[in-house]
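Each remark here refers to the structure printed beneath this line.
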Amino acid sequence: MGEGVWAAPGRVNLIGEHTDYNDGFAMPFALPHTVVAAAARRDDGVLRLRSADAPGGPVELRVSGLAPGAGPGGWSDYPAGVVWALRETVRGAVGGVDISFTSTVPMGAGLSSSAALEVVTALALNDLYELGLERRRLARLCQRAENVYAGAPTGIMDQTASACCTAGHALHLDTRDLSQRQIPFDPAAHGLALLAVDTRVRHALSDGAYGERRAGCAAGAAALEVEALRDVPYEGLDEELARLADEEIRRLVRHVVTENRRVEQVVAHLRAGDVRAVGPLLSEGHASLRDDFRVSCPELDLVVETALGAGALGARMTGGGFGGSAVVLAEAEGPAGVEVQTAVLTEAFAAAGLAAPRIFSAQPSGGAARLS
Ligand code: GLA
């Protein structure tokens, strides 16, 4: 079959932030918002990409000429990078393709719109060219496209979330080997809601700072003589920290080690059916990202403080930081419920002279799929 339609979702991460490039644990779930790709094989070796959401006409590239740095830059680098990465892996088995994208994943909101674009492309090509690659392999290829072709040094969480999540679950992901467990997560069944709050800000610093944090973590692992910070045990953390001369690195290490532990604790609570107990761990995670890892920003802190002040069970930034989105675990109804949370957050942003945040209830949804 030479054509079809595929969809891949954006994500929020419940807990486990800045752990994925430390071989650690994360717990994302898929959003109902997706990038949809209508794709068809072409036999002339041309990659033709169109997006209903991007200004300008289609981008046309010769598949055989794809190379890092050779693309026009912008949104098309993500799907073009995937085709490049697939060709590198399967040696010429991928030819031309025509793809039209439409997206409901908010862009620039830290909800992984670019990972969704990559994963939907990978899935379409995998089917159209009958490559038979399994999803974890596709996620790795997408990460390679993002790192090498699009030049963003991100980890593997976002692409794995988009490719592997299932409805009604959060994905307990071990980023060392991509082993994973689907953990039932249904806040509504407990009278709760998980709100995503897009601050609508993105601070310019985010790209450089991400790379700096990543390099700092690698330096910490080297100083402690472990393969990755995942290998630093929580028990005995103080002794390990005392071995580090550099205060900055000490803080990065403390965040990663305590965050990995929080993931395990969240999993234990969810397995025990105690969704409410997750709340304080989310807030602890935020404090660690704000004070130790230092990737929060005033707007994200405002969401967390305001939500907790209005009776939320927990709140934290989600994703890379420096803007983007936060998650809030709140009562579904009542004096600390979703309606009240939405109103107080909107008011707080207005009082701070900020544009209204975009707030929605995030239901754990399905991962990437073929639609037709
Ligand atoms: C971004 C990256 C991910 C991950 C998060 C932080 O979303 O794309 O790989 O590192 O930041 O947890």
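Keep in mind that the numbers below use all heavy atoms, side chains included, and drop hydrogens, waters and symmetry copies. We count ligands from 1, going down the list as the structure has it; atoms in each ligand are counted the same way.
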Item to complete: Have a look at ligand 1 and work out which part of Arg214, if any, has a heavy atom under 4.0 Å from it: side chain, backbone, both or neither.
Response: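 It is neither part, as no heavy atom is under 4.0 Å.
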
Fill in: Salt-bridge present (Arg261, Glu264; N to O < 4.0 Å)
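Salt bridge between Arg261 and Glu264, a charged N being under 4.0 Å from a carboxylate O: no.
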
Worksheet entry | Phe101 and Trp75 aromatic ring geometry - parallel, tilted or perpendicular at 30°/60° bounds |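 Taking Phe101 first and then Trp75, their aromatic rings stand perpendicular (interplane angle over 60°).
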
Ligand 1 N/O within reach of [X] N/O, cut-off under 3.5 Å:
X      : answer
Thr154 : no
Asp20  : yes
Asp158 : yes
Gly155 : yes
His18  : yes

Item to complete: Begin from the C-alpha positions of Asp301 and Ser296 and carry the test side chain to side chain donor-acceptor pair (under 3.5 Å) through to its verdict.
Response: CA-CA 7 Å; Asp301 293 343; Ser296 189; 2.6 Å; yes

[X] and [Y]: side-chain donor and acceptor closer than 3.5 Å?
X      : Y      : answer
Glu259 : Thr19  : no
His286 : Ser283 : no
Glu17  : His255 : no

Practice prompt. Give a yes/no on ligand 1: does Arg11 have at least one heavy atom closer than 4.0 angstrom to it?
Written response: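 True for this residue.
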
Practice prompt. Could you list the atoms of ligand 1 found under 4.0 angstrom from a heavy atom of Gly319?
Written response: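 Counting atoms of ligand 1 from 1, those under 4.0 Å from Gly319 are 6 (C), 11 (O).
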
Practice prompt. Could you list the atoms of ligand 1 found under 4.0 angstrom from a heavy atom of Tyr21?
Written response: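 Contacts of ligand 1 toward Tyr21, numbered from 1: 10 (O).
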
Fill in: Nearest protein heavy atom with distance in Å, relative to atom 5 (C) of ligand 1
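In this structure, atom 5 (C) of ligand 1 has Met157 CE, 3.8 Å as its nearest protein heavy atom.
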
Item to complete: Evaluate side chain to side chain contact (heavy atoms under 4.5 Å, CB included) for Glu333 paired with Glu339, printing each intermediate quantity in order.
Response: CA-CA 7 Å; Glu333 287 169 13; Glu339 267 180 43; over 6 Å; no

